[in-house]
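Below is one structure, written out as structure tokens, with a few remarks after it.
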Amino acid sequence: LSFAFCLFTFYFLLFNLTHFFLILLKLKLLMEEESSPLFDLDLQIDDAAGSYLRDTTKWTRIVSIIFIVITAIMFLCLLAMIIARSTMVDAYSQNNTSFSAYANTGEGIFLMVVIFMVLLIAILSAFVYLLLRFSRLTKKGIEANDQAMLESGIASLKNYLIITGIFTIISVLSGIYQFIKIF
Amino acid sequence: MEHNTEDLFKIEMSNKLRDDLRTAGNWAKIISILGFVSAFCAMMVNLSNGSFLSAIFGAAFSVLLYIFLLKFGSLTKKGIDDNDQDTLNDGLLNLRTYFKIVAWLLIIVIVFVVIYVLFFVLRTI
């Protein structure tokens with residue numbers, strides 16, 4: 001009887017221990033399950049963010065179209081300047097009050113203006129390219145649920161903001177220079 | 001045809017997207033702070049030249065423009081760092097408003113330039 005009792009106790013303990021470990025395992029699994037919602041709460045481009053980004057691409061497309069028009073007008077001006085080169089050089093040679101240091105060097109002033117305009121057209125073209133790329137890729141990425149496309153679009157936005165930032169730094173430096181010159 | 005919007009916009013915020021948005025936010029903050037400084041300098045230069053109207057208008061438009069860019073930069077960065085979806089969405093909403101204002105300002109400027117050119121051409125004729 002005592003043997004049977006011992007066996008019973010042994011099995012009872014074994015059962016309880018197994019049960020205890022099973023409960024522990026269940027608890028562990030539960031805890032893991034509880035920690036998994038953290039991934040669900042992680043950031044994503046959800047409904048609202050997607051619609052905001054899509055609206056943004058609409059406006060950036062309008063901005064880039066306006067930039068294209070401005071760039072085209074500037075390009076036409078540059079072409080007109082190059083065609084009417086001799087007249088422009090004469091005009092700069094005669095009316096050089098603002099460039100008094102370069103008196104009688106109409107050719108040099110003309111070249112300077114042309115280089116400045118070419119630089120401006122190049123900068124505007126870079127803005128247009130990046131904004132259009134952002135608009136196209138972000139819109140497509142959100143509509144097609146394409147991760148890689150959206151990433152490329154946002155990278156274009158980043159590059160656009162970096163270039164804008166560099167030119168803002170230059171404009172602020174020139175602004176501070178004018179400010180100091182006055183006071 | 002009705003789309004299931006919950007399934008439509010479920011793009012993960014990958015590390016690349018996170019880094020790019022954070023960098024974009026940082027640059028947006030730099031641009032807006034420098035823009036405020038530039039607007040202040042321009043306002044002082046205009047005031048010293050005696051053109052009060054252009055000083056006031058220039059400063060008002062600059063503040064209106066850069067405040068949304070600053071909000072985009074700070075809110076997007078905060079949303080990504082704190083893992084807060086609502087803050088991130090607010091940041092993106094401010095980006096939309098910024099580009100909306102830029103587009104409207106450009107349209108207004110283009111309209112004024114066209115009116116000026118038309119006036120000039122009509123006067124010469």
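Just so you know, these numbers come straight off a predicted model, no measurement behind them. Just so we're on the same page: letters track the sequence lines, and every chain starts at 1.
Of the listed residues (A/Val69, A/Val63, A/Leu53), the greatest number of heavy-atom pairs within a distance under 4.5 Å of chain B belongs to A/Val63.
Using a 4.5 Å cut-off on side-chain heavy atoms (C-beta onward), B/Gln85 and A/Asp46 make contact. Side-chain contact check for B/Leu95 versus A/Tyr52: every heavy-atom pair is 4.5 Å or farther apart. Side-chain contact between B/Phe99 and A/Leu131 is present, with heavy atoms from C-beta onward closer than 4.5 Å. Contact of the A/Trp59 side chain with the B/Trp104 side chain is registered, since non-hydrogen atoms from C-beta on lie closer than 4.5 Å. Between B/Glu12 and A/Ile45, the closest side-chain pair of non-hydrogen atoms is not below 4.5 Å.
Rounded to the nearest 0.5 angstrom, A/Leu150 CG and B/Ile11 CD1 are separated by 5.0 Å. If you take CD on A/Gln147 and CE on B/Met13, they are separated by 9.0 Å, rounding to the nearest 0.5 Å.
There is no contact between B/Leu105 and chain A, counting heavy-atom distances below 4.5 Å. Looking at B/Leu93, both its backbone and its side chain come within 4.5 Å of chain A, counting heavy atoms on both sides. At a 4.5 Å heavy-atom cutoff, B/Phe36 makes no contact with chain A through either its backbone or its side chain. Within the 4.5 angstrom heavy-atom criterion, atoms from both the backbone and the side chain of B/Leu92 approach chain A. With a threshold of 4.5 angstrom between heavy atoms, B/Asp19 does not approach chain A through any atom at all.
The contact list for residues 157-171 of chain A toward chain B, using heavy atoms and a distance under 4.5 Å, reads A/Leu157, A/Lys158, A/Tyr160, A/Leu161, A/Ile162, A/Thr164, A/Gly165, A/Ile166, A/Thr168, A/Ile169, A/Ser171 by residue number.
Applying the side-chain hydrogen bond (donor to acceptor under 3.5 Å, both in side chains) rule to A/Arg61 yields no partners; only residues at least two apart in sequence or on another chain are considered.
Within a 6.0 Å sphere centred on NZ of B/Lys16, heavy atoms belonging to other residues, nucleotides or ligands number more than 12.
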